[in-house]
Every structure is written in C-alpha cells, then in structure tokens.
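Nothing here was measured: the structure is a model prediction, and the numbers come from that model.
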Amino acid sequence: MQHRQLGRNGPQVSALGLGCMGMSEFYGPSDEAASIATIQRALDLGVNFLDTADMYGAGHNEQLVGRAIRERRSQVVLATKFGNMRGPNREFLGVNGKPEYVREACDASLKRLGVDHIDLYYQHRVDPSVPIEDTVGAMAELVRAGKVRWLGLSEAAPATIRRAHAVHPISALQTEYSLWSRDPEGELLDTVRELGIAFVPYSPLGRGFLTGSIRNIEDLAANDWRRHSPRFQGEAFAANVRLADTVQAMAAERGCTAAQLALAWLLAQGPDIVPIPGTRSVERLQDNLGALELRLSADDLARLDRELPRGAAQGTRYPQAAMQAVNR
C-alpha cells in the first residue's frame, strides 16, 4: 500500500481511504454485513484511513464502523466529524459549532465508535454564528485531553482555514473534489498547500456518476439522495452523462475502469491529495484500489483537463439551501 501524510505533522495514511457514509444512508438500501465485510477487506488490503461522521445515519454509521474495527483498532486512522445536528427522526437541525457542543459531540462519537480516541476530528460544516477561533479552540482542548489526535475542517473557505490554523494546526481539509467538481483548484488548494494541510477529496467519483454506472435517474433507488441533486436532474443529467462517457471512453483506451481513471487523475494532482471513495462492495473496493497502479502520462492529464475542465459539470453540487453551508 502506498501512503501519504496528512499535513506537516499528521499521520501516515493509505493513499486511498474508505468513505463509509453510504453504508448507512443517502444512497439507497444497504447491507450491514456486506458493509462490515468491505471495511474489513479494506484493512486486509492495507487501507487504514476510514471516514465517518456523527450525522451519517444519525449515529448509525459510527456504530457500524466501530463494530467493524473492534478487534483491529490499531490498524486504523479513524476520522469522524461533528457539526451537522440530526433529530430523533433523522431530521436536520442545523449546524452547531459552539464549544460546549464540540465537547458533547466528541464524547457521543467516542461512545458510538467504542474507542478511547479519534485520530482525525473534523468540523463537518462551519457555523457562521460562532467564531471559528472558538470552535477550533474547543477542538484543541480535546487534543490536549487525549480524546482527539489531529484536527480537520470540511467545506471551509480559505480565510476560515487561515483563522482556524492560527489557533491550532489543521492537518486536513475535506471538500468535494473530482473530475466533475474542480472548484477547489486555485485559492483553496493554494491556501492549504501554503499552510501544509492535506486535502481529502470526498465524492472523488462524482457520487458514482463518473463510473458510468448511472445512465438514468431510474437507476437510483427511490430513497437515494441523488434523485434530489441538481446534477442528476433533467438537462444537467443528460449533459453530465456525456462527461461520464468521455471518462469511460478514455478508460477503455487505457485498459482500466472509469473509476480507476478518475481516482488516478486525483492522485496525480499532488502527494498531499488523499481521496476517500465510498463503497459498500468488496468488488468495487478492489477495483478502486487498482487506481494506485495506474500511471497517467502528461498527455493523459492534459487530455482530461481539456475534456473535463473546471466548470464542465452542469448543476450545483447540492440543492440551493445546502450550498449555502459550503465554502464559508
């Protein structure tokens, strides 16, 4: 397994991590036994970077991950997040970055995960009503207490990252980044690189779209969140299928899968990039890991830049209300 470092002083992690969100929610029906088998197979193959959050399944995902790693905790760099509050019926209650909530959320996550510390603790979304210095100050207290080892932010803007990093070193920024979500290129990536912060792309396969497996909205389960995503609607969907077709055609020329090509492109963007593709399938996990052996030439990278430039994907990443909570 190839490894990369999270930040200047952070841990060494597998060059590809495993996003666990879809094992509990958002992408249609899931199978706990298959999900746990996928996590354990990932560990067998050297993937040591697991990503979850307290909001995924309103705590269910942390419990599932905790069960999967119970006998293998020492093999895992465990990342989870706080800040997006859920109610008893899984309803969304808003973003909370208050210091007292930071402490409360961490203790709840530790209990659900069944561990005595969290390796990487992210603020999932920035709370605009609370100074980032106060939130990160409370997170830093968790480090001093031994409950957390390293700190991260998710979907934070460059100015916010600078203010947070001045309070306590930030090891990783997690934000959506892929061949159809290239918004981080420019100021955001420049900022984290200047500060020595690793970049952890979530949804590196465009929520599955770049694999070419989604050809029609009816391919998605009735309760699949993607049915409500602007990029999966109407004319945007049709335009984005053409982008996926471009990836698939190039992958066929290279003798790899579309997923491998998309992940190899991300890995080639720099040694500080650590994608966390999510899957509930051992087969897809193993296919994704094939990206580590794929070397893209300068011509390959230039072609992808031409055919899937920044802004090529149609539609926003989230519905309008959710877009207001990113990059702030």
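Here Ala268 pairs with Leu301 under the side-chain contact (heavy atoms from CB on, under 4.5 Å) rule; sequence neighbours left out. Checked against ring pair (Phe, Tyr, Trp, His ring centres under 6.0 Å), Tyr318 has the following partners two or more places apart in sequence or in another chain: Trp225. A search for side-chain hydrogen bond (donor to acceptor under 3.5 Å, both in side chains) contacts involving Asp305 returns Arg182, not counting sequence neighbours. With sequence neighbours left out, Glu141 forms a side-chain contact (heavy atoms from CB on, under 4.5 Å) with Arg103, Arg144. In terms of the side-chain contact (heavy atoms from CB on, under 4.5 Å) criterion, residue partners of Thr246 (sequence neighbours excluded) are, by chain and number, Glu307, Leu308. With sequence neighbours excluded, the residues forming a ring pair (Phe, Tyr, Trp, His ring centres under 6.0 Å) with Phe209 are Trp180, Phe232, Phe237, listed by chain and number. Scored by the side-chain contact (heavy atoms from CB on, under 4.5 Å) test, His60 finds Ser24, Glu32, Leu64, Arg90 as partners (sequence neighbours excluded). Partners of Tyr101 according to the ring pair (Phe, Tyr, Trp, His ring centres under 6.0 Å) rule, which considers only residues two or more places apart in sequence or in another chain, do not exist here. Scanning for salt bridge (Lys or Arg N to Asp or Glu O under 4.0 Å) contacts around Arg310 gives an empty result, with sequence neighbours left out.
The two atoms that bring Val274 and Ala15 nearest to each other are CG1-O, 3.7 Å, heavy atoms only. Considering every non-hydrogen atom in both Leu179 and Ala262, the closest pair reads CD1-CA, 4.0 Å. Heavy-atom minimum distance, Pro204 versus Ser178: O-CB, 3.3 Å. Closest of all the heavy-atom pairs between Ser171 and Leu120 is CB-CD1, 4.5 Å. For the pair Ala259 and Leu205, the tightest heavy-atom approach, listed with the atom from each and the gap, is O-CD2, 3.6 Å.
A salt bridge links Arg227 with Glu218: the distance from a Lys NZ or Arg NE/NH1/NH2 to an Asp or Glu carboxylate oxygen falls below 4.0 Å. Between Asp107 and Arg112, none of the side-chain N atoms (NZ, or NE/NH1/NH2) sits under 4.0 Å from a carboxylate O, so this pair counts as no salt bridge.
At a cut-off of 3.5 Å, with distance as the only test, no side-chain donor of Tyr122 or Glu155 sits close to an acceptor on the other residue. Between Thr279 and Ser281, the side chains place no donor N or O within less than 3.5 Å of an acceptor N or O (distance only, hydrogens not considered). Under the 3.5 Å distance criterion, with hydrogens and angles disregarded, a donor-acceptor pair is assigned to the side chains of Tyr56 and Lys81. In this structure, a donor-acceptor pair under 3.5 Å is absent between the side chains of Ser109 and Asp54. Inspection of the Asp127 and Ser129 side chains reveals an N or O donor paired with an N or O acceptor under 3.5 Å. Checking Tyr27 against Arg207 by side-chain atom types alone, a donor-acceptor pair falls below 3.5 Å. Counted by atom type alone, Glu176 and Ser181 present one or more donor-acceptor pairs between their side chains at under 3.5 Å. Looking at Gln174 and Asp51, their side chains do bring a donor and an acceptor atom within 3.5 Å of each other. A donor and an acceptor atom, one from each side chain of Ser14 and Gln2, are nowhere located under 3.5 Å apart.
For the atom pair Arg280 CZ and Asp31 CG, the distance stands at 9.5 Å (nearest 0.5 Å). One finds the CG atom of Asp299 at 11.0 Å from the CG atom of Leu304 (value rounded to the nearest 0.5 Å). For the atom pair Leu6 CG and Leu151 CG, the distance stands at 12.0 Å (nearest 0.5 Å). The structure places CG of Leu289 at 9.0 Å from CG of Leu263, a figure rounded to the nearest 0.5 Å. Atoms OH and CG, from Tyr177 and Leu189 in turn, are 5.5 Å apart once rounded to the nearest 0.5 Å. Of the inter-residue distances, the one linking Ile161 atom CD1 with Leu195 atom CG reads 8.0 Å to the nearest 0.5 angstrom.
Paired with Arg149 under the rule side-chain contact (heavy atoms from CB on, under 4.5 Å), one option of Leu142, Asp119, Val143 passes, and it is Asp119.
In this structure a side-chain-to-backbone donor-acceptor pair under 3.5 Å is present from Asn240 to Ala236. Here the side chain of Thr160 pairs no donor or acceptor atom with the backbone of Ala156 at under 3.5 angstrom. A distance-only check finds a donor-acceptor pair linking the side chain of Arg4 to the backbone of Leu267 [under 3.5 Å]. A distance-only check finds a donor-acceptor pair linking the side chain of His165 to the backbone of Ile170 [under 3.5 Å]. In this structure, Gln314 contributes its side chain and Ala312 its backbone to a donor-acceptor pair below 3.5 Å. Side-chain atoms of Arg125 never come within 3.5 Å of backbone atoms of Ser154 as a donor-acceptor pair (strictly under, hydrogens ignored). A donor-acceptor contact shorter than 3.5 Å is absent between the side chain of Asp272 and the backbone of Gly196. Side-chain atoms of Asn288 never come within 3.5 Å of backbone atoms of Leu285 as a donor-acceptor pair (strictly under, hydrogens ignored). Of the possible donor and acceptor atoms, none in the side chain of Gln123 sits under 3.5 Å from a partner among the backbone N and O of Gly83.
Applying the under-4.5 Å side-chain rule to Ile, Leu, Val, Met, Phe, Trp and Tyr, the cluster around Val282 consists of that residue alone.
Evaluation of the salt bridge (Lys or Arg N to Asp or Glu O under 4.0 Å) test over residues 19-29, restricted to residues two or more places apart or in two chains, returns Glu25-Arg86.
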Taking only distance into account, with no hydrogens and no angle test, what donor-acceptor pairs under 3.5 Å do side-chain atoms of residues 250-258 form with protein atoms, sequence neighbours excluded?
residue : atom : partner : partner atom : Å
Glu253  : OE1  : Arg303  : NH1          : 2.7
Glu253  : OE2  : Arg303  : NH2          : 3.3
Arg254  : NH1  : Arg295  : O            : 3.4
Arg254  : NH1  : Asp300  : OD2          : 2.4
Arg254  : NH2  : Arg295  : O            : 3.3
Thr257  : OG1  : Gln260  : N            : 3.1
Thr257  : OG1  : Asp287  : OD1          : 3.2
Thr257  : OG1  : Asp287  : OD2          : 3.1

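No more than 12 heavy atoms of other residues, nucleotides or ligands lie within 6.0 Å of CD in Glu187, so this atom counts as exposed by the packing criterion.
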Q: With side-chain contact (heavy atoms from CB on, under 4.5 Å) as the test, would you mind laying out the steps for Arg73 and Val115 before giving the verdict?
A: CA-CA 8 Å; Arg73 176 65 182 95; Val115 299; 3.5 Å; yes

Q: Dump the intermediate steps for side-chain contact (heavy atoms from CB on, under 4.5 Å) on Leu16 and Val47, then the final yes or no.
A: CA-CA 7 Å; Leu16 284 178; Val47 175; 5.6 Å; no

Q.
Is there a salt bridge (Lys or Arg N to Asp or Glu O under 4.0 Å) between Glu62 and Lys111? Walk through the geometry before answering.
A. CA-CA 9 Å; Glu62 288 184 325; Lys111 184 176 181 180; over 6 Å; no

